[in-house]
Trainee: 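Before I ask anything, let me first share the structure, which is written out below as structure tokens.
Numbered from 1 within each chain, the chains take letters A, B, ... in sequence-line order. All values below come from the heavy atoms of this structure, side chains included, with hydrogens, waters and symmetry mates left out.
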Amino acid sequence: MEETDLIKNLKEWFNFDRFRAGQKESIETILNGENTLAILPTGTGKSLIYEYCGYVTEGLVLIVSPLLSLMDNQVLQLNQAGEKRAAALNSMLNLEERRLIEKRLDYYKFLFVSPEMLQSKWLVQRLSRLKIALFVVDEAHCISQWGLDFRPDYLYLGKIREELNNPLTLALTATAPQEVIDDILKTLNLDPTDTAVYQSNPNRENIYYDFREIEDNDKDTELLQLINDFPNPGIIYFSSKVKAERICQLLRENTEQAVDTYHADRSIEDRKIIQRQFLNGELDIICATTAFGMGINKKNIRFIIHYHIPNSIEEYLQETGRAGRDGLQSIAVLLYSKSDAVFKFKKMKETQLNDNIITMNDKNESLEPWGLSDSDLAMLQVIKARHLSKEQAKSLINQRLEKRISKFVAMGQLATQNRCKREMMSIYFNQKNDPVQIWCCSFCQSDIQSLVEEMQLISQPKKIQINYEKKWDQVIKELFIL
DNA sequence: CGTATCATCATTAATGATGATACGGTGCTTTAAT
């Protein structure tokens, strides 16, 4: 397709005047019939790529998505844009709705499914009889990050692709170092020599990367100071739900900010409400675990604070990348303590899978969770499915462990080494380092007073919030406890 | 790993000493049949 036509369609279908970095390149390789892996920064508009290609090519666009909420969002957005031929096939549907979609699969242009749903033989068979214009794996890093760990069905996508007659494939993600790229291609059964990989540097120009080594005892005062200095809104990431709750309480008691938590123990309704409140600017700060983030499209997040060290540089960049999507100056702070790292390292090495359990899978069909973690259960399932011998199983377990540890070590080095952080991240992702930034990182500039002032200038004046919940809590305490 | 939290016990009955315990996180799916 000619350049002018590409742009004309963009205007006509999406009402944009020009492509963002990476969009056009990816669309071109796909329309050229090449399988494509596109690694594009968050907020680039990755869904536009497959929507665009869907309109050019005849047939169904089948999108594998990791989260129900993501699917829902995408379908909603498509519907709002006037596209009625979009649906998500998942467990949120009742039987009737599901039957209806299944009966008229050929009506749809965009169909969203989870990897688990594709385990249904019947569904795959039905799909294989349709013309599939494009097979899309959204958030493709999940293959590497979650596959061996806790959603093994991600590992079968290559086989599914085969059963669907190897349709043209597009994998999308924001962060993938070389080994994750290798993982994705291998798992999806894509030939590395014959797949277009479009990659860009996941560093974000308008984020200052701040790493602070700090004693556990000093974290809370440091945090309060940061919250006091930084303009809202912001996210604080924790690696524990309990800690997220506690700090949320601390912030409610010691600041005027509207704060809430987001993690897997909150109900689905609560999560929806909190997410909406945050998007609408009714909440200033979210104390979250890694559960919060994918698909959050809020432009003006000014700061991301990591209360604990993340498990990998990918994870760190995914999470910090949620700041400053409006392009304005933002900041990411990691509060690093040695004891956190030691604790995480220890946890990481723990596996309950011993010889007895590994060999037991021959005899015992039912896999009762004898106190096994989800991650070990997933591993056991893979071992079973692949009919691995004890030695092979052990080697796979070891492989998983080493993968985790090497990622974590890289993250630890990023946090502690005296070197430009942006440069280190670029090296990790095999990317050319960007030219010097005005605000780079805590190695390059340590005095950030004027950066904070700059952020305060661009931020909206803080709304006065009345935190009813907090007030009621106090009233109730005074009434009944005194 | 070291430390935060909690239960217990002791003793000028409300606090403090002591010992025991705990100590990630991510989510899909529930099939009779078309």
Side-chain angles (χ1 to χ4, degrees), chain A residues 64-72 88-106 112-127 129-130 138-139 141-157 215-220 237-247 250 261-268 271 287-296 306-312 314-316 318-319 337-351 373-378 381 404 407-408 411:
Chain A
V64 181
S65 173
L67 302 179
L68 301 179
S69 60
L70 273 187
M71 301 184 208
D72 260 13
L89 196 54
N90 60 39
S91 61
M92 313 249 284
L93 305 171
N94 63 35
L95 203 60
E96 257 172 77
E97 297 168 317
R98 187 164 165 179
R99 284 297 122 77
L100 187 65
I101 293 175
E102 286 173 344
K103 273 214 173 87
R104 45 175 211 167
L105 280 180
D106 50 0
F112 295 82
V113 293
S114 64
E116 287 81 4
M117 190 57 83
L118 286 176
Q119 286 304 106
S120 156
K121 293 264 180 297
W122 183 84
L123 177 65
V124 173
Q125 220 165 55
R126 279 290 315 271
L127 288 169
R129 280 185 237 130
L130 299 175
D138 200 8
E139 309 287 358
H141 60 277
C142 292
I143 291 174
S144 179
Q145 196 177 313
W146 286 356
L148 264 184
D149 222 46
F150 99 110
R151 287 181 72 178
D153 292 327
Y154 259 104
L155 302 177
Y156 307 130
L157 289 180
E215 297 287 321
D216 275 341
N217 288 336
D218 302 333
K219 272 191 181 176
D220 293 359
Y237 277 107
F238 299 85
S239 12
S240 124
K241 294 178 275 198
V242 174
K243 200 75 193 178
E245 287 291 344
R246 279 196 200 136
I247 297 294
L250 181 83
T261 62
Y262 191 106
H263 51 70
D265 284 352
R266 307 285 319 242
S267 69
I268 294 175
R271 291 206 226 178
C287 294
T289 61
T290 52
F292 188 67
M294 258 196 273
I296 303 288
H306 280 93
Y307 192 92
H308 298 116
I309 185 171
N311 285 323
S312 67
E314 296 97 287
E315 199 181 303
Y316 173 75
Q318 286 260 357
E319 286 159 4
S337 87
K338 260 198 188 114
S339 56
D340 286 344
V342 171
F343 176 66
K344 268 202 162 177
F345 187 65
K346 196 187 160 201
K347 272 299 200 188
M348 215 168 267
K349 287 198 294 187
E350 270 174 19
T351 171
S373 66
D374 284 355
S375 128
D376 280 348
L377 270 178
Q381 194 188 324
R404 280 188 197 171
K407 281 170 188 283
F408 185 59
M411 184 64 224

Trainee: Taking atom P of B/dA22 as reference, at what distance in whole Å does atom CZ of A/Phe343 sit?
Mentor: 13 Å
Trainee: Tell me the partner of B/dT8, counting only Watson-Crick (N1-N3 plus N6-O4 or O6-N4) or G-U wobble (N1-O2 and O6-N3) with both under 3.5 Å; none if nothing fits.
Mentor: B/dA17
Trainee: For B/dT12 versus B/dG16, give the span between their C1' atoms, rounded off to a whole number of Å.
Mentor: 14 Å
Trainee: Please step through side-chain hydrogen bond (donor to acceptor under 3.5 Å, both in side chains) for the pair A/Glu319 and A/His306, ending with a clear verdict.
Mentor: CA-CA 9 Å; A/Glu319 286 159 4; A/His306 280 93; 2.7 Å; yes
Trainee: Does the structure show a Watson-Crick or G-U wobble partner for B/dT31, both distances under 3.5 Å? Name it, or say none.
Mentor: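 Check on B/dT31: unpaired, no WC or wobble geometry under 3.5 Å.
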Trainee: Can you list, by residue number, the residues of residues 147-155 of chain A that have a non-hydrogen atom closer than 4.0 angstrom to DNA chain B?
Mentor: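 Heavy-atom contacts with DNA chain B come from A/Asp149, A/Phe150, A/Arg151.
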Trainee: Which residue, A/Tyr307, A/Phe292, A/Tyr262, forms the ring pair (Phe, Tyr, Trp, His ring centres under 6.0 Å) with A/Phe238?
Mentor: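 The ring pair (Phe, Tyr, Trp, His ring centres under 6.0 Å) with A/Phe238 is passed solely by A/Tyr307 among A/Tyr307, A/Phe292, A/Tyr262.
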Trainee: Please state the C1' separation for the pair B/dA22 and B/dC1 - nearest whole angstrom.
Mentor: 13 Å
Trainee: Which pairs, protein N/O on one side and nucleotides 30-32 of chain B N/O on the other, fall under 3.5 Å?
Mentor:
residue: B/dT30; atom: OP1; partner: A/Arg98; partner atom: NH1; Å: 2.6
residue: B/dT30; atom: OP1; partner: A/Arg98; partner atom: NH2; Å: 3.3

Trainee: Go through the steps to decide whether A/Ser337 and A/Asp216 satisfy the test side-chain hydrogen bond (donor to acceptor under 3.5 Å, both in side chains), and finish with yes or no.
Mentor: CA-CA 6 Å; A/Ser337 87; A/Asp216 275 341; 2.8 Å; yes
Trainee: Using the C1' atom as the point on both nucleotides, what is the distance between B/dA32 and B/dC28, in whole Å?
Mentor: 22 Å
Trainee: Considering non-hydrogen atoms only, spot the tightest contact between A/Tyr154 and A/Ile143 and give its length.
Mentor: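 It is CD2-CG1, 3.5 Å.
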Trainee: Is there a Watson-Crick or G-U wobble partner for B/dG24 with both distances under 3.5 Å, and if so, which one is it?
Mentor: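 Base partner found: none.
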Trainee: B/dC28 P sits how many Å from A/Asp72 CG, rounded?
Mentor: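 It is 10 Å, rounded to the nearest whole Å.
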Trainee: Name the residue closer to the 5' end of DNA chain B, choosing between A/Lys103 and A/Pro66 according to the nucleotide with the nearest heavy atom.
Mentor: A/Pro66
Trainee: Between B/dC1, B/dG27, B/dG25, which one does the side chain of A/Asn311 approach most closely?
Mentor: B/dG25
Trainee: Could you tell me whether A/His308 contacts a base, only the sugar-phosphate backbone, or nothing, with contacts defined as non-hydrogen atoms closer than 4.0 Å?
Mentor: nothing
Trainee: Which is it for B/dT30, anti or syn, if anything within 90° of zero counts as syn?
Mentor: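 Syn, angle within 90° of zero.
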Trainee: Knowing that exactly one of A/Arg271, A/Arg266, A/Lys241, A/Arg246 qualifies, which makes a side-chain hydrogen bond (donor to acceptor under 3.5 Å, both in side chains) with A/Thr261?
Mentor: A/Arg266
Trainee: With rounding to whole Å, what would you report as the distance between B/dG24 and B/dA4 at their P atoms?
Mentor: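 B/dG24 and B/dA4 have their P atoms separated by 15 Å.
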Trainee: Looking at A/Lys219 and A/Asp340, is there a salt bridge between them, counting it only when a charged N and a carboxylate O are closer than 4.0 Å?
Mentor: yes
Trainee: Look at the side-chain N and O atoms of A/Ser114 and state whether any lies under 4.0 Å from the OP1 or OP2 oxygen of B/dT29.
Mentor: yes
Trainee: Show the nearest heavy-atom pair for residues A/Gly295 and A/Leu70, with the distance to one decimal.
Mentor: CA-CD2, 3.4 Å
Trainee: From NZ of A/Lys241 over to C1' of B/dG27, roughly how many Å is that when rounded to an integer?
Mentor: 12 Å
Trainee: In whole angstroms, how far is the P atom of B/dC1 from the CD atom of A/Glu215?
Mentor: 17 Å
Trainee: State, yes or no, whether a side-chain contact exists between A/Phe112 and A/Asp72 at a heavy-atom distance under 4.5 Å.
Mentor: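 A side-chain contact under 4.5 Å is absent here.
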Trainee: Could you state the atom-to-atom distance from CG of A/Asp340 to P of B/dG25 in whole Å?
Mentor: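 So the two atoms are 13 Å apart, to the nearest Å.
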Trainee: Syn or anti for B/dA17, please, going by whether the chi angle lies within 90° of 0.
Mentor: anti
Trainee: Whole angstroms only, please: what is the CG-P distance between A/Leu157 and B/dC28?
Mentor: 15 Å
Trainee: Could you report the tightest heavy-atom contact between A/Arg98 and A/Leu89, atom names first, then the distance?
Mentor: CG-CD1, 4.1 Å
Trainee: Does a side-chain heavy-atom distance below 4.5 Å link A/Met348 with A/Asn311?
Mentor: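 Sidechains of A/Asn311 and A/Met348: in contact.
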Trainee: Do the side chains of A/Met294 and A/Cys142 get nearer than 4.5 Å, heavy atoms only?
Mentor: yes
Trainee: Can you tell me how far C1' in B/dT11 sits from the matching atom in B/dT15, rounded to whole Å?
Mentor: 10 Å
Trainee: Indicate, with a heavy-atom threshold strictly under 4.0 Å, whether A/Thr290 touches base, sugar-phosphate, or nothing.
Mentor: sugar-phosphate
Trainee: Starting at the 5' end of DNA chain B and moving along, which residue's nearest nucleotide shows up first, A/Asn217 or A/Glu102?
Mentor: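 Comparing both residues, the 5'-ward one is A/Asn217.
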Trainee: To the nearest Å, give me how far apart CD (A/Glu116) and P (B/dG27) are.
Mentor: 11 Å
Trainee: Send over the distance from A/Arg246 CZ to B/dA22 C1', rounded to a whole Å.
Mentor: 11 Å
Trainee: Please give the distance between the C1' atoms of B/dC9 and B/dA14 as a whole number of Å.
Mentor: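 Roughly 13 Å separates the two C1' atoms.
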